[in-house]
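All residue numbers refer to positions in the sequence shown, counting from 1.
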Amino acid sequence: MDTKGATIVVTGAASGIGRAMAQRFAADGAGTLVIADRDGDGATAAAAELGARCEVLDITDESAVVDLIERTEAEAGHIDLWCGNAGIAANGGVELDNDAWNANWNVNVMAHVIAARHLVPRWIERGGGHLLLTASAAGLLTNLGTAPYAVTKHGCVALAEWIAITYAEHGIGVSCLCPQGVRTPMTEAEGELAIEVVRAMGMIEPSQVAEAVAIGLANDDFLILPHPEVALYEQRRAGDRRRWLTGMQKLQASLLS
């Protein structure tokens with residue numbers, strides 16, 4: 001995937017990883033860059049900084065997503081790369097109510113389904129396009145203290161794999177971004193178990209994630225791991241699930257104590 005001269009949409013781009021990716025795409029010569037976020041002020045500021053188009057968007061609103069796609073393609077040309085980066089988390093487990101679970105499901109999984117539903121047919125007709133989904137290391141492993149996030153990020157990874165398998169013959173590329181701890185507004189809370197886990201593992205800056213994305217896209221990588229050690233953790237998890245679970249139980253106990 002060559003981002004130079006490309007038409008690129010980045011959701012959740014008002015701050016954090018999304019904004020860093022947009023900054024990197026702009027620096028690498030993207031053609032038309034669309035900053036989409038429900039945070040209108042943040043999106044406006046990011047777009048002004050980068051000379052990009054600004055879209056205030058609720059990514060769970062299918063009609064709004066379709067409108068953005070159609071207007072972007074009518075005014076700026078075919079979308080070459082869609083970065084589904086927006087995400088949310090909810091601290092807690094099965095005791096959380098259905099509203100919390102549904103909100104995570106809708107943002108972390110169904111928003112990607114909606115985008116793919118309307119982009120994939122266009123890309124099939126044109127013979128190509130690229131989808132980048134921001135999941136998490138939690139989607140390959142798990143995360144303590146936030147069941148809805150861990151479960152839905154696993155769903156995001158599975159969706160990315162399915163699209164990659166199903167549409168490869170049509171020239172559609174898929175990348176799945178799975179960072180561990182990143183210094184963003186989502187990781188600024190104090191005292192939450194999920195945040196303490198990623199801090200214990202080591203935090204990196206959004207710009208480092210954007211660098212990994214640039215390299216991964218250039219190589220047409222499916223799995224983009226800003227923390228390379230996550231690949232080893234995933235192998236250990238698959239190789240001896242009981243041992244891995246025991247290790248995670250011990251980590252949780254140590255953090256709670």
Checklist entry - Hey, mind stepping through W82 and T11 against side-chain contact (heavy atoms from CB on, under 4.5 Å) and telling me if it holds? => result CA-CA 8 Å; W82 179 281; T11 71; 3.8 Å; yes

Checklist entry - So which heavy atom on A46 is nearest to which on I35, and how close? => result CB-CG2, 4.1 Å

Checklist entry - Distance from Y233 atom OH to T142 atom OG1, nearest 0.5 Å? => result 15.0 Å

Next on the checklist: Nearest 0.5 angstrom please: T72 OG1 to I79 CD1, how far?
Outcome noted: 5.0 Å

Donor-acceptor contacts under 3.5 Å from residues 209-221 side chains, at least two apart:
unit_1 : atom_1 : unit_2 : atom_2 : d
E211   : OE1    : R24    : NH1    : 2.3
E211   : OE1    : R24    : NH2    : 3.4
N219   : ND2    : I215   : O      : 3.3
D220   : OD1    : M1     : N      : 2.6

Item to check | Short side-chain to backbone donor-acceptor contact, H154 and Y149, under 3.5 Å | outcome: no

Checklist entry - Taking atom CZ of R53 and atom CG of L68, what is their separation to the nearest 0.5 Å? => result 8.0 Å

Checklist entry - Is atom CD of E125 surrounded by more than 12 heavy atoms (other residues, nucleotides or ligands) closer than 6.0 Å? => result no

Checklist entry - In terms of hydrophobic clustering (I, L, V, M, F, W, Y; side-chain heavy atoms under 4.5 Å; direct or indirect links), are V157 and V151 co-clustered? => result no

Checklist outcome for this item: Hits for side-chain contact (heavy atoms from CB on, under 4.5 Å) against E205, two or more places apart or cross-chain, chain-then-number order -> R183, S207, Q208

Checklist entry - Does CZ belonging to R71 count more than 12 external heavy atoms closer than 6.0 Å? => result yes

Item to check | Least distance between heavy atoms, P121 atom then A116 atom | outcome: CD-O, 3.9 Å

Checklist entry - Looking only at atom types and distance, does a side-chain atom of N104 sit under 3.5 Å from a main-chain N or O of A100, one as donor and one as acceptor? => result yes

Checklist entry - Are H118 and E62 close enough, and set up right, to give a side-chain hydrogen bond (donor to acceptor under 3.5 Å, both in side chains), and what steps lead you there? => result CA-CA 9 Å; H118 297 282; E62 186 160 4; 2.7 Å; yes

Item to check | Partner residues of R243 under the salt bridge (charged side-chain N to carboxylate O under 4.0 Å, His left out) criterion, sequence neighbours left out | outcome: none

Checklist outcome for this item: Distance col, row L225:CG vs L232:CG, nearest 0.5 angstrom, shows 11.5 Å

Next on the checklist: With rounding to the nearest 0.5 angstrom, report the CG to SG distance, L33 to C83.
Outcome noted: 9.0 Å

Checklist entry - F25 and L50: side-chain contact (heavy atoms from CB on, under 4.5 Å), yes or no, with the steps? => result CA-CA 10 Å; F25 294 145; L50 300 173; over 6 Å; no

Checklist entry - Counting only N and O atoms by type, is there a donor-acceptor contact under 3.5 Å from the side chain of S136 to the main-chain atoms of C178? => result no

Checklist entry - Under the side-chain contact (heavy atoms from CB on, under 4.5 Å) criterion, do I8 and D80 qualify, and how do the steps go? => result CA-CA 6 Å; I8 304 173; D80 300 298; 5.7 Å; no

Checklist entry - Counting only N and O atoms by type, is there a donor-acceptor contact under 3.5 Å from the side chain of T146 to the main-chain atoms of G92? => result no

Item to check | N/O donor-acceptor pair under 3.5 Å between H170 side chain and W123 backbone | outcome: no

Checklist entry - Does D37 reach the main-chain N or O of A13 with its side chain, forming a donor-acceptor pair under 3.5 Å? => result yes

Checklist entry - Which pair of heavy atoms, one from T7 and one from H78, lies closest together, and at what distance? => result CB-O, 3.2 Å

Checklist entry - Taking atom CD1 of I163 and atom NE2 of H112, what is their separation to the nearest 0.5 Å? => result 9.0 Å

Checklist entry - Does CH2 belonging to W105 count more than 12 external heavy atoms closer than 6.0 Å? => result no

Next on the checklist: Evaluate L223 against E234 for side-chain contact (heavy atoms from CB on, under 4.5 Å), listing each step before the verdict.
Outcome noted: CA-CA 12 Å; L223 202 57; E234 186 185 21; 4.3 Å; yes

Checklist entry - Taking all atoms of both residues into account, what is the closest heavy-atom pair of A138 and N143, and its distance? => result CB-CB, 3.9 Å

Checklist outcome for this item: Scanning both residues in full, the closest heavy-atom pair of V65 with A115 reads CG1-CA, 4.4 Å

Checklist entry - Within a radius of less than 6.0 Å around CG of D41, do more than 12 heavy atoms belonging to other residues, nucleotides or ligands occur? => result no

Next on the checklist: Surrounding CZ of R242 (heavy atoms of other residues, nucleotides or ligands, distance under 6.0 Å), is the total greater than 12?
Outcome noted: no

